[in-house]
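Throughout, a chain's letter reflects where its sequence line sits, starting with A, and its residues are numbered from 1.
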Amino acid sequence: MPASARPSARTSRSWSRSTGRCRWRRATAPRACCACRRGASSWASSSGASCCSSRTVCARAPEPPGGRALFLAYARGYPPRPMTEIAQPDRIAKLEELRKQGIDPFPARGVEARPIHAVLAGLGTSAEPGPLAGESVTLAGRMLNLRDFGKLIFFPLLDRSGRIQVGLQRDKLTEWWPRRKLLDGGDQVAIRGVLGHTQKGEPTIWATEVRLLAKAVAAPPEKWHGMTDKELRYRRRYVDLWASEGVREVFEKRSAVLSTIRRCLEEQNYLEVETPTLHPIAGGAAARPFVTHHNALGVELFLRIAPELYLKRLIVGGLERVFEVSRNFRNEGLSPRHNPEFTMLELYEAQADYRRMMQLVEILFERCARAVNGTTQITFRGKRYDLRPPYQVVSYTELFREQQGFAYDDEPRLRARAAELGLDPATERWKLMDQVFESKVGDALEGPVFLSDYPVEICPLAKQKPENPRLAERFEVFVAGMELGNAFSELNDPFEQARRFEEQVATKDPEAPGEVDWDYVQALEYGMPPAGGLGIGIDRLVMLLTGAETIRDVLLFPTMKPLPRGAAEDPQAEE
RNA sequence: GGGCGCGUAGCUCAGUCGGUAGAGCAACUGGCUUUUAACCAGUAGGUCGAAGGUUCGAUCCCUUCCGCGCUCACCA
């Protein structure tokens, strides 16, 4: 948005708090300029209702912030306080006109309305009318895109379930007809009317009664292009949700994914739990945390980067099968696949191991795909995938050798390769190995595929393979080059766990925890049964299932840089 | 942080090889009872992101800045 479209902070100071009105107005005298009290008027407007005895404004009047149109609206005495830059003076003027006619533009009560989708289903087609054809019903929603024929007006009415065309006819709406101009696209209305079709067969409700439920003083987006500014779509998701095609569906699908997962896990006798978001030690993953502070306790706390260590405490606690839909926070850069806060499903199951976790991934992915799309077939970035199990299993170390031409633990060749890739040579060896690996392999994993048996060094919380202690019982699941999940047989040896924690802390890596989580080690000392654990990135799974190419498209309110002060700012905030 | 790109009417965008700007939609006025991006006629609406420089003259050229996007880096 161009900066000029935003009101400056000065706008709000143009208002008198004591009268609640524009100070320009009080100086008004008939035929004189509202703003400077000089007599002449070179850009006086000649039409529209006015509560000012004169709306004339001379060319020498100081140019008001927000432009002349907004200034004129202020000069009329309203809005009662300054509005954001998107409030339209003409619409604001209609508020007053409505009140004059005894109509509350923001009534307290709504109406009992039927879902439009259900009404459409019952209405049938003009060739084959359904049981609701000719019936009178009440609908409620947002009206858009008016088409005015003089004695007939059409507009679509939207509710969450769908949209239907409304027809207003002069002959059928005697009471409301004179007020039709007070309605605008974007308004919330209730329509009572008779269901039928137009000559072209368009399902239509012919209104017999109209009730304004809430006036929209901000105009909806341009009707043909809609909201095209991506940033604006994310910032004003409340508009995007009804103004852009398919947006609401994405979030309905997201909801379906979560409820499917819950149902699925409950069927497997899992318990849904909630563990802390405020952590004294940021553990359970390698990531930089957000830091916050608790005043009363006088301590530094971290927003959780993963719920893992708490959930495993619950396995020690005997809850046996637990899961959490966890919002995690990582202080990292943004990308099409990374948002600073993201949702992860984590689950832990006693007596299970990572092979059982593979099975769970397959169950969950298949069920979610069917729930959302009715099929396991998906298309992502133009390529087709099938989420039907079983998924291929590929060994990390073998794939490493295959792709790179040398073994994962061949340090000299690893360093040479890292140098070729321009990686920071100071990076810790195992991290370097993973970076080298991902440079080639990560995106190439079309999948669905389980990449399994990682070098133990990059799996501080996973159990070693009994037959090869250099490898960990861990897998990540990839589809379309995206890492969707991560699982392992959980390490439950407190001594080994303590050793790995200390090793991690010693690296001083900003992504490693700052101190050993001794309380967690102590929990393991009480004995944790063998267990499998799994994390699934819900945002990425939803991306995959909806074909969204960026994580922002599956987050209702993705993290955005705050707007500069003064933009769409609440004028009250200045006081 | 590096690279590329964008910023013109409320919205979506043209345009000016340097002479202070146009269209469609939205708004307003008039017409129209079956449209659906309705249509027809008219009106109004812009410090061309900001500041500086070059120039007789800058929205256009140059510099800097601001904002945003894409991308690289960063990010198990």
Side-chain angles (χ1 to χ4, degrees), chain A residues 1-6 43 45-48 63 66-70 72 85-91 93-94 126 144-156 163-172 181 184-186 196-204 206 218-232 234-235 239 243 284-288 305-306 330-340 342 396 422-424 427 430-431 433-435 437-438 442 451 454 458-462 474 476 483 485-486 509-512 535 537 550 560-561 563-564 567:
Chain A
M1 159 189 331
S4 60
R6 299 180 186 131
W43 38 280
S45 174
S46 59
S47 61
E63 182 65 23
R68 180 156 66 113
L70 195 55
L72 284 171
E85 81 277 17
I86 47 177
Q88 303 286 304
D90 297 308
R91 290 167 180 255
K94 290 179 186 179
S126 49
L144 285 176
N145 192 15
L146 283 85
R147 300 181 292 278
D148 186 345
F149 287 78
K151 298 184 183 66
L152 169 70
I153 299 172
F154 287 117
F155 59 85
R163 69 163 64 197
I164 189 171
Q165 173 166 274
V166 177
L168 306 184
Q169 296 167 98
R170 188 185 62 177
D171 303 341
K172 306 245 170 77
K181 299 281 185 192
D184 292 296
H197 295 89
T198 61
Q199 289 172 3
K200 295 265 171 74
E202 177 79 14
T204 300
W206 299 104
E222 206 250 9
K223 67 183 173 192
W224 180 241
H225 297 91
M227 266 191 145
T228 52
D229 184 324
K230 277 191 209 167
E231 185 203 347
L232 212 53
Y234 300 137
R235 288 192 192 279
V239 176
R288 292 170 203 239
I305 56 173
R330 298 186 183 179
N331 209 337
E332 297 164 348
L334 288 76
S335 89
R337 290 174 195 184
H338 298 83
N339 195 65
F342 63 100
Y396 181 100
L423 297 171
D424 180 3
T427 313
W430 298 108
K431 208 170 158 181
M433 176 202 71
D434 209 35
Q435 284 176 5
F437 179 75
E438 288 192 349
L451 190 61
Y454 285 60
I458 56 172
C459 314
L461 297 159
R474 171 190 181 187
E476 291 190 348
E483 177 203 333
N486 183 16
D509 186 332
E511 290 181 4
T550 154
M560 307 286 289
K561 193 171 178 179
L563 290 171

Atom-pair distance ([atom1] on [X]; [atom2] on [N]), nearest Å:
X	N	atom1	atom2	answer
A/R337	B/A76	CZ	P	15 Å
A/H338	B/A73	NE2	P	12 Å
A/R163	B/U35	CZ	C1'	15 Å
A/D184	B/A26	CG	P	12 Å
A/R170	B/C32	CZ	C1'	11 Å
A/E483	B/A76	CD	P	10 Å
A/I305	B/A76	CD1	P	9 Å
A/E332	B/G1	CD	P	19 Å

If I pick the [atom1] atom on [M] and the same atom on [N], what distance separates them, to the nearest angstrom?
N	M	atom1	result
B/U16	B/G10	C1'	24 Å
B/C13	B/C6	P	13 Å
B/G45	B/G7	P	25 Å
B/G52	B/C60	P	13 Å
B/G24	B/A9	P	16 Å
B/C74	B/U59	P	43 Å
B/A58	B/C48	C1'	11 Å
B/G67	B/G57	C1'	29 Å

Using Watson-Crick or G-U wobble geometry with both distances under 3.5 Å, which nucleotide pairs with [N]?
N	result
B/C70	B/G3
B/A44	none
B/A9	none
B/A26	none
B/C32	none
B/U63	B/A51

> If you look at every heavy atom in A/A306 and A/R330, which pair is closest and at what distance?
Replying inline: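 What the structure gives for the nearest pair is CB-NH2, 4.3 Å.
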
> What pair of heavy atoms forms the shortest contact from A/P220 to A/G185, and how long is it?
Replying inline: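 Closest approach of A/P220 to A/G185: CD-O, 3.2 Å.
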
> When the nearest nucleotide of RNA chain B is assigned to A/P336 and to A/A306 on a heavy-atom basis, which residue is associated with the more 5' position?
Replying inline: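 The residue mapped nearer the 5' terminus is A/P336.
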
> Of A/R474 and A/G185, whose closest RNA chain B nucleotide lies nearer the 5' terminus?
Replying inline: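 Nearest-nucleotide comparison on RNA chain B picks A/G185.
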
> Is there a side-chain contact between A/F155 and A/V166 (heavy atoms, below 4.5 Å)?
Replying inline: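 When only atoms from C-beta onward are counted, A/V166 and A/F155 do touch, with a gap below 4.5 Å.
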
Quick one: list whatever passes salt bridge (Lys or Arg N to Asp or Glu O under 4.0 Å) with [X], sequence neighbours left out.
X	answer
A/E202	none
A/R474	A/E476
A/K181	A/D148

>> Using the side-chain heavy atoms of A/L152, tell me which of these nucleotides is nearest: B/U34, B/U35, B/A76.
In response: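 Per side-chain heavy atoms of A/L152, the pick is B/U34.
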
> From the list B/C75, B/A76, B/U35, which nucleotide is the closest neighbour of the side chain of A/R330?
Replying inline: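 My answer, after comparing the listed nucleotides, is B/A76.
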
Distances under 3.5 Å between protein N/O atoms and the N/O atoms of nucleotides 38-42 of chain B, please, pair by pair.
from  : atom 1 : to     : atom 2 : distance (Å)
B/A38 : OP1    : A/N145 : OD1    : 2.8
B/A38 : OP1    : A/K223 : NZ     : 2.2
B/A38 : OP2    : A/N145 : OD1    : 3.2
B/A38 : OP2    : A/N145 : ND2    : 2.6
B/A38 : OP2    : A/R147 : NH1    : 3.4
B/A38 : N6     : A/D148 : O      : 2.8

>> With a 3.5 Å distance limit and no angle check, can you tell me whether A/R288 reaches the backbone of A/N331 through a side-chain donor-acceptor pair?
In response: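 No, the answer is negative, given that no donor and acceptor are paired below the 3.5 Å cut-off.
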
>> Can you list everything that forms a ring-ring contact (aromatic ring centres under 6.0 Å, His included) with A/F154? Sequence neighbours excluded, please.
In response: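 With sequence neighbours excluded, A/F154 shows a ring-ring contact (aromatic ring centres under 6.0 Å, His included) to A/W206, given in chain and number order.
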
>> A/A286: which residues meet the side-chain contact (heavy atoms from CB on, under 4.5 Å) condition with it, sequence neighbours left out?
In response: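 Per chain and number, A/A286 pairs via side-chain contact (heavy atoms from CB on, under 4.5 Å) with A/E511.
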
> Side-chain N or O of A/K151 less than 4.0 angstrom from OP1 or OP2 on B/U35?
Replying inline: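 Negative; the distance criterion is not met.
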
> Reckon A/K200 has a side-chain N or O less than 4.0 Å from the OP1 or OP2 of B/U35?
Replying inline: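 Result: yes.
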
>> Please classify the nucleic acid contact of A/G537 as base, sugar-phosphate, or nothing, using heavy-atom distances under 4.0 Å.
In response: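 No contact.
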
